[in-house]
Amino acid sequence: MPTTSPTFSSTGQRASSPTIARLMTMALEKPGMLSLSAGFTDNLSLPVEAVREATLSLLSRPGEPEYLQYGTNQGRPLLRELLARRLLRTDPGAGELADLASRCLVTNGSQQALYLAVQVLCDAGDIILVDRPSYFVFLEMLAGLGIRALSIPTDSNGATDLPALTKLLASLKASGEASRLKAIYFVSYFSNPSSRSLPEDEKCGLARVLRDAGLVLPVIEDAAYRELYYTRPHPARSVLELPEWEGFPRLYLATLTKTFATGLKIGYGFCSDRAWLAKMLAVKGHHDFGSCHFAQAICELVIGNGAFDTQLRRVRDLYQAKMLALHRTLEREGLRDLGWTWEEPAGGLYLWLKAPASLDTSMDSAFCKACLDAGVIYVPGELCFGDNAPRNQVRLSFGVLPLKDLEEAARRFVKVARHT
Ligand SMILES: Cc1ncc(COP(=O)(O)O)c(C=O)c1O
């Protein structure tokens with residue numbers, strides 16, 4: 001019998017295989033390929049002992065094994081309280097503990113929270129303001145939902161250009177498009193991809209410009225890497241704490257996947273707006289009516305007994321060492337002498353490189369192909385822009401490869417840069 005494909009909805013029609021999957025396939029297809037592309041964490045430092053102890057402790061608890069039962073849609077109450085307590089350490093003015101815990105939702109990675117947040121705010125054809133560069137999986141998600149990503153203007157140093165944003169908002173108003181503007185999104189600490197952290201005055205400036213334009217939009221602050229600083233935290237307060245953002249519906253998102261056990265896939269958020277939270281929870285109920293309860297119970301235990309903080313200290317040191325191995329080898333091999341520029345990150349998992357303007361590093365470029373031939377793979381920077389993407393930027397991830405491989409990958413990369 002011949003098979004007939006279904007007719008797809010507009011979402012189904014827009015859905016295309018994520019670019020990261022293509023990059024990962026390329027990495028796996030060639031033996032010996034060193035991948036600086038996927039933003040994975042370090043395998044050997046995943047917290048096996050902490051998870052083993054937490055699991056054994058759970059399994060030997062007297063009474064019913066509630067942790068193997070469905071949990072609540074919003075997330076385990078004690079876990080939410082522990083997460084709220086942690087947030088209050090960095091943002092003591094974010095709210096009262098009990099209230100904050102009641103505004104917390106635990107999700108299947110913060111990726112699910114991003115999807116829920118956008119799905120309940122936007123229809124196809126709507127617009128979201130995004131940082132420049134931005135988290136490319138978020139950008140792909142917007143494209144998949146038919147939502148337009150509009151970059152927050154930046155200057156040549158990557159800082160937010162507030163006067164240009166004022167002009168952009170005025171032009172949206174003049175063209176009648178401001179009514180389609182539904183939210184603003186930024187990755188504000190050790191960003192993926194740029195490793196840049198948003199200074200507090202820029203974060204406040206964004207709120208002022210929006211308010212002056214009469215656009216008190218929902219804001220999504222993605223703080224996925226906030227706790228992954230190397231030596232000291234980035235001092236800026238979050239949108240939950242800053243008075244300039246008061247009155248805006250605010251969603252602050254974070255995750256335990258980068259800081260603890262990636263595969264447990266526990267993310268979370270705090271939402272200042274009850275109606276927005278209720279809508280996200282309603283749609284989460286449609287998705288899965290609760291994130292993996294067992295994984296949440298493990299996270300609850302390790303946060304409570306200090307194993308989480310111990311792991312965090314370990315990975316901070318580890319990622320700094322990895323960053324330095326990649327960064328210093330690129331320098332030693334002479335990449336800066338070839339006209340490439342980048343900042344040394346103070347946290348996170350990425351180096352963000354700018355090639356000379358004349359060099360095309362995009363997905364289908366000769367440079368990208370030469371890197372693949374040389375056995376090294378990276379994320380082409382143009383994927384990380386909502387619009388007007390430059391074609392000479394590159395994201396390198398250093399989370400996965402061991403130190404020696406990072407050095408070898410850097411040598412291969414510079415060799416290609418020298419001869420392309
Ligand atoms: C900026 C940013 N936000 C959110 C996520 C989603 O992470 P998870 O779903 O693992 O919590 C990632 C993952 O790489 C990220 O880089």
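Owing to the predicted nature of the structure, the values given are computational and were not obtained by experimental measurement. Both ligands and their constituent atoms are indexed starting at 1 by order of listing.
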Any atoms of ligand 1 less than 4.0 Å from a non-hydrogen atom of [X]? List them with their elements.
| X | value |
| --- | --- |
| Lys265 | 8 (P), 9 (O), 10 (O) |
| Thr255 | 8 (P), 11 (O) |
| Thr257 | 8 (P), 10 (O), 11 (O) |
| Lys258 | 13 (C), 14 (O) |
| Gly109 | 8 (P), 9 (O), 11 (O) |

- Query: Taking distance alone, with no angle check, do Asn108 and ligand 1 share an N/O pair under 3.5 Å?
  - Reply: no

- Task: Would you check whether Gln111 has a nitrogen or oxygen atom less than 3.5 angstrom from a nitrogen or oxygen atom of ligand 1?
- Result: yes

- Query: Can a non-hydrogen atom of Ser110 be found less than 4.0 Å from any atom of ligand 1?
  - Reply: yes

Do [X] and [Y] pair up side chain to side chain, a donor and an acceptor below 3.5 Å, judged on atom types alone?
| X | Y | value |
| --- | --- | --- |
| Tyr252 | Arg226 | yes |
| Ser16 | Arg14 | no |
| Gln112 | Thr107 | no |

- Note on the structure: Min over Phe40, Tyr185, Tyr135 of heavy-atom distance to atom 5 (C) of ligand 1 lands on Tyr135

- Query: Nearest to atom 1 (C) of ligand 1 by heavy atom, Thr41, Ile266, Asp222: which?
  - Reply: Asp222

- Query: Hey, is the main chain of Leu353 close enough, under 3.5 Å, to the side chain of Gln393 for a donor-acceptor pair?
  - Reply: no

- Query: Tyr189 and Tyr229: aromatic ring centres closer than 6.0 Å?
  - Reply: no

- Can we call the ring centroids of Tyr319 and Tyr230 under 6.0 Å apart? no

- Where is the tightest heavy-atom contact between Val219 and Trp276, given as atom of each residue plus distance? O-CH2, 3.8 Å

- Classify the contact between Phe138 and ligand 1 as side chain, backbone, both or neither, using a heavy-atom distance cut-off of under 4.0 Å. neither

- Task: Report, as yes or no, whether the 6.0 Å neighbourhood of atom CZ on Arg328 holds more than 12 heavy atoms from other residues, nucleotides or ligands.
- Result: no

- Among all protein heavy atoms, pick out the one at the shortest distance from atom 16 (O) of ligand 1; state its residue, atom name and that distance to 0.1 Å. Tyr225 OH, 2.6 Å

